[in-house]
There are 2 protein chains.
Amino acid sequence: MHSADAVETIQREMTVFARRARAAAGRMHPELSLVSYTLLGHLEESGGCRATDLAAHYALDKSTVSRQVAGLERAGLIERRPDPADQRVQVLHLTRSGRHVLAQVTESRRAAFRERLAGWPEEDLSRFAEYLVRYNA
Amino acid sequence: MHSADAVETIQREMTVFARRARAAAGRMHPELSLVSYTLLGHLEESGGCRATDLAAHYALDKSTVSRQVAGLERAGLIERRPDPADQRVQVLHLTRSGRHVLAQVTESRRAAFRERLAGWPEEDLSRFAEYLVRYNA
DNA sequence: TCAAGTGGTTGGGTTGTGCAACCATGGAAG
DNA sequence: CTTCCATGGTTGCACAACCCAACCACTTGA
């Protein structure tokens with residue numbers, strides 16, 4: 001495959017995937033949208049951060065994040081803690097329930113991906129993962 | 001990287017990509033959403049098909065396709081032709097203008113991807129493309 | 001001290017989507 | 001030939017996710 005063709009293919013396939021992903025995620029977990037799930041995941045990884053950090057990291061408008069965060073708090077999945085060093089800031093943390101729901105959804109998403117990727121040789125999985133990381137970097 | 005980790009990474013990175021794609025596409029081409037672009041592409045490839053075929057192929061509700069198609073027709077990018085064999089059916093075709101716009105958008109999307117993938121070794125591009133095709137199959 | 005910057009919320013509007021109800025046509029079974 | 005169900009498509013309705021702009025509260029630095 002020539003370089004130009006490969007780029008063309010990557011473009012098309014990434015687009016196909018993008019189109020499907022959200023709907024699939026919604027069908028799998030009506031209780032936790034793709035965005036909410038991603039935000040929870042980020043909070044888990046980072047061990048708590050500000051709404052502005054989330055917005056910057058995911059290239060979302062701060063108003064969007066604000067509303068998502070409000071929803072997650074309403075659902076009892078996260079909590080806001082004041083930052084003693086800066087009264088403007090709310091540091092977001094997962095609640096116990098949030099951690100629990102996140103773990104459940106992650107597990108079932110992982111199962112779906114695992115099924116989808118069943119039969120792939122170990123080496124291909126690693127390389128695919130590496131390419132995606134490099135692409136998104 | 002172990003197999004489970006790779007799956008985990010693939011899941012996360014695909015999700016990241018999915019979240020970004022629509023916004024990026026919108027910024028690049030306000031005149032043609034990601035969905036519309038995909039539908040036009042399908043019409044180009046297939047040389048004309050029915051709205052129902054589009055819905056089935058992309059797992060979209062027929063109402064969604066109906067509205068997208070209406071928009072594309074309003075924009076003069078596609079036209080509906082009656083099917084002499086079945087009065088219910090409208091066969092959708094690209095117009096000259098539709099073909100033109102599609103070509104332009106495709107080219108600039110391709111340029112963006114090419115830039116993003118600049119510096120990747122030929123072999124990695126090919127393999128990445130192959131993985132994506134296999135994943136979406 | 002006060003102006004500019006930053007974190008966050010809210011109001012308003014757009015887009016993409018699904019579901020359900022509907023209309024028109026087609027096809028098969030009586 | 002009628003009658004009934006299936007199929008292609010449109011429309012009303014609701015909703016989620018988004019952005020922009022305006023705003024408030026607090027911080028920072030000239």
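Each chain gets a letter, A, B and so on, in the order the sequences are listed, and its residues count up from 1.
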Begin with the C-alpha distance, continue with both residues' side-chain angles, and end with the deciding distance and a verdict on side-chain contact (heavy atoms from CB on, under 4.5 Å) for R81(B) and H93(B). CA-CA 8 Å; R81(B) 301 185 193 159; H93(B) 289 270; 3.4 Å; yes
How close or far is atom P of dG16(C) from atom CG of L39(B), stated in whole angstroms? 10 Å
Expressed in angstrom and rounded to an integer, what is the separation of L92(B) atom CG from dT10(D) atom C1'? 14 Å
So, is T52(A) close to the dG8(C) phosphate, meaning a side-chain N or O under 4.0 Å from OP1 or OP2? yes
Can you give one letter per nucleotide of nucleotides 20-30 of chain D, 5' to 3': B if a protein heavy atom sits under 4.0 Å from the base, S if only from the sugar-phosphate, - if neither? BB---BBS---
In whole angstrom, give the distance that lies between atom CZ of R50(B) and atom P of dT10(D). 13 Å
Could you please spell out the steps behind the side-chain contact (heavy atoms from CB on, under 4.5 Å) verdict for L54(B) and L92(B)? CA-CA 10 Å; L54(B) 294 175; L92(B) 307 172; 3.9 Å; yes
May I have all residue pairs that pass salt bridge (Lys or Arg N to Asp or Glu O under 4.0 Å) and include part of residues 37-51 of chain B, sequence neighbours excluded? E44(B)-R99(B), R50(B)-D53(B)
In terms of heavy-atom contacts, does CD of E115(A) have more than 12 from other residues, nucleotides or ligands at under 6.0 Å? no
Examine dT11(D): is either OP1 or OP2 under 4.0 Å from a nitrogen or oxygen in the side chain of S66(B)? Give yes or no. no
Within a strict 4.5 Å, meaning less than it, do heavy atoms of the D124(B) and R127(B) side chains meet? yes
In whole angstroms, the gap separating C1' of dC23(C) from CD of Q90(B) amounts to 13 Å
Nearest whole angstrom, please: distance from the P of dG9(D) to the CD of Q68(B). 15 Å
Sequence-distant partners of Y135(B), ring-ring contact (aromatic ring centres under 6.0 Å, His included), two or more places apart: F17(A)
